[in-house]
K.L.:
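So that we are looking at the same thing, I have put the structure below in structure tokens.
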Amino acid sequence: MSFTNIVRQHTAALRALLALTVILGLGYPVFIWLVAQLPGLQDKADGSIIEVAGKPVGSSLIGQSFTDADGNPLPQYFQPRPSAAGDGYDPMATSAGNLGPESVIDQPGKPSLLTQVCQRSRAIGDLDGVSGARPFCTPGGVGAVLSVIGPRDTRGQVLTPARVVSVNEPCADTTAPFLSTYEGVRVECAEPGEDYTVGQIVPIRGTAVAQVPADAVTASGSGLDPDISVAYADLQVDRVARARGLSPEQVRQLVAQHTDGRTLGFLGEPRVNVLELNIALDTPAARG
């Protein structure tokens with residue numbers, strides 16, 4: 001290949017690089033920015049920032065915690081769903097809890113997903129004056145899970161239980177497990193340091209009917225969800241009304257005003273934006 005052809009090829013490549021840089025590196029971003037400034041899109045493109053008295057207080061797209069310095073829920077505010085993003089709603093650490101439905105056995109210093117749900121449900125029940133009981137939770141607020149030890153059949157099912165242990169109830173915490181007997185065998189509390197995974201793990205469904213909604217006890221996939229269900233908002237109305245000296249009807253009206261319907265009319269469920277609702281509660285109009 002002659003030197004002239006090499007120069008021509010490199011010149012053509014340089015022209016293509018410059019042209020694509022102008023089109024894709026400058027023109028396309030400018031075009032997208034201009035489209036984003038159209039009415040109806042500008043607010044979302046700028047981060048959906050909410051301002052109070054001219055100062056930004058958050059984004060309607062990202063949840064916030066409403067707790068005191070010790071992490072206790074502030075009773076005068078609606079509480080969001082749990083967050084697994086950093087210390088809570090950290091956009092720089094967005095993540096899920098990385099625990100699934102099979103996470104039912106507690107480890108030292110690391111409660112299972114089931115026990116986390118039980119503990120959250122019990123805490124919310126105490127806060128909002130309802131029962132925090134759930135079907136697979138013990139009265140003490142941990143996962144109701146047994147390890148059934150004994151000979152097994154070819155499918156791995158225990159034929160005749162020889163020993164049954166409530167794995168999430170250590171003997172240091174309880175002397176009477178949530179269930180006294182299982183298939184005629186006395187249920188024991190768990191001894192620290194023992195491995196009960198050798199048994200068949202059996203979650204026990206109780207008779208409790210959950211009054212605390214599922215979104216109140218589970219984190220979203222991103223950990224940043226700003227919304228709660230209408231059911232969870234309704235659960236908190238009386239507590240917020242008492243703390244603010246308002247009537248429940250006044251608070252319910254504000255909840256209704258900040259409830260969005262299904263996306264496009266059929267996707268998802270109606271939802272309440274917690275930050276927008278709490279800001280509305282702080283306005284003088286809410287008290288008048």
K.L.:
Do you know the tightest heavy-atom contact between Ala219 and Ala84?
P.N.:
CB-N, 4.0 Å

K.L.:
Mind checking the CG-CG spacing from Leu114 to Asn168? Nearest 0.5 Å is all I need.
P.N.:
7.0 Å

K.L.:
Check ring pair (Phe, Tyr, Trp, His ring centres under 6.0 Å) between Phe66 and all other residues, then give those that pass, not counting sequence neighbours.
P.N.:
Tyr77

K.L.:
Could you state the interatomic distance from CD (Glu188) to CG (Leu146), rounded to the nearest 0.5 Å?
P.N.:
11.0 Å

K.L.:
I'd like to check Val158 versus Arg152 (side-chain heavy atoms, cut-off strictly below 4.5 Å). Are they in contact?
P.N.:
yes

K.L.:
Scan the side chains in residues 203-212 for donor-acceptor partners under 3.5 Å anywhere in the protein, sequence neighbours excluded, and list what turns up.
P.N.:
none

K.L.:
Val217 versus Arg134: any side-chain heavy-atom pair under 4.5 Å?
P.N.:
yes

K.L.:
For Leu127, which fellow cluster members are found when Ile, Leu, Val, Met, Phe, Trp and Tyr are connected by side-chain heavy-atom distances below 4.5 angstrom, either directly or through intermediates?
P.N.:
none

K.L.:
I'd like to know if the side chain of Thr138 reaches the main chain of Ala144, judged simply by a donor and an acceptor atom lying under 3.5 Å from each other, with no hydrogens or angles considered.
P.N.:
no

K.L.:
Taking the side chain as C-beta and beyond, is there a heavy-atom pair between Thr67 and Gln79 under 4.5 Å?
P.N.:
yes

K.L.:
Looking at Asp128 and Val130, would you say the former's side chain and the latter's main chain have a donor-acceptor pair under 3.5 Å?
P.N.:
no

K.L.:
Please examine the side chains of Ile279 and His258, heavy atoms only from C-beta on, and report whether any two atoms are closer than 4.5 Å.
P.N.:
no

K.L.:
Closest approach of Thr174 and Cys189, non-hydrogen atoms and distance?
P.N.:
O-SG, 3.9 Å

K.L.:
Please name the pair of heavy atoms, one in Ser222 and one in Ala85, separated by the smallest distance, quoted to 0.1 Å.
P.N.:
O-CB, 4.0 Å

K.L.:
What is the minimum heavy-atom distance between Gly223 and Ser83, and which atoms define it?
P.N.:
O-OG, 2.5 Å

K.L.:
Strictly by modelled atom types, are Arg239 and Gln236 linked by a side-chain donor-acceptor pair under 3.5 Å?
P.N.:
yes

K.L.:
Would a 4.5 Å heavy-atom cut-off, applied to side chains only, mark Leu99 and Gln116 as touching?
P.N.:
yes

K.L.:
Does any N or O in the side chain of Ser147 come within less than 3.5 Å of the main-chain N or O of Thr197, such that one atom is a donor and the other an acceptor?
P.N.:
no

K.L.:
Has Ser121 got a side-chain atom pairing as donor or acceptor with Val117's backbone, closer than 3.5 angstrom?
P.N.:
no

K.L.:
Could you tell me the separation between the OG atom of Ser220 and the CD1 atom of Ile228, rounded to the nearest 0.5 Å?
P.N.:
13.0 Å

K.L.:
Within a strict 4.5 Å, meaning less than it, do heavy atoms of the Val272 and Val230 side chains meet?
P.N.:
yes

K.L.:
Please list, chain by chain and in numerical order, all residues satisfying side chain to side chain donor-acceptor pair (under 3.5 Å) with Ser247, sequence neighbours excluded.
P.N.:
Gln250

K.L.:
To the nearest 0.5 Å, how far apart are CG in Leu113 and CG in Asp106?
P.N.:
10.5 Å

K.L.:
Answer whether the closest heavy-atom distance between the side chains of Ile124 and Leu235 falls below 4.5 Å.
P.N.:
yes

K.L.:
If a pair satisfies ring pair (Phe, Tyr, Trp, His ring centres under 6.0 Å) and one of its residues is in residues 151-209, list it, with sequence neighbours excluded.
P.N.:
none

K.L.:
Starting at CG of Leu24, measure out to CG of Leu20 and round the result to the nearest 0.5 Å.
P.N.:
5.5 Å

K.L.:
Using side-chain heavy atoms (C-beta onward) and a distance below 4.5 Å, is Phe78 in contact with Val251?
P.N.:
yes

K.L.:
Compare every heavy atom of Tyr89 with every heavy atom of Asp225, then report the nearest pair and how far apart it is.
P.N.:
O-CE2, 3.5 Å

K.L.:
Got a donor-acceptor contact below 3.5 angstrom from the Thr283 side chain to the Ala280 backbone?
P.N.:
yes

K.L.:
Taking Pro161's backbone N and O only, do any of them form a donor-acceptor pair with Gln200's side chain (distance below 3.5 Å, no angle check)?
P.N.:
no

K.L.:
Tell me the closest heavy-atom pair linking Arg163 and Val185, and the distance in Å.
P.N.:
CA-CG1, 4.3 Å

K.L.:
Calculate, to the nearest 0.5 Å, the distance between atoms CD and OG1 belonging to Gln107 and Thr115 respectively.
P.N.:
10.5 Å

K.L.:
Among all residues two or more places apart in sequence or in another chain, which pass the salt bridge (charged side-chain N to carboxylate O under 4.0 Å, His left out) test with Asp238?
P.N.:
Arg252

K.L.:
Would you say Asp227's side chain and Arg271's backbone share a donor-acceptor pair under 3.5 angstrom?
P.N.:
no

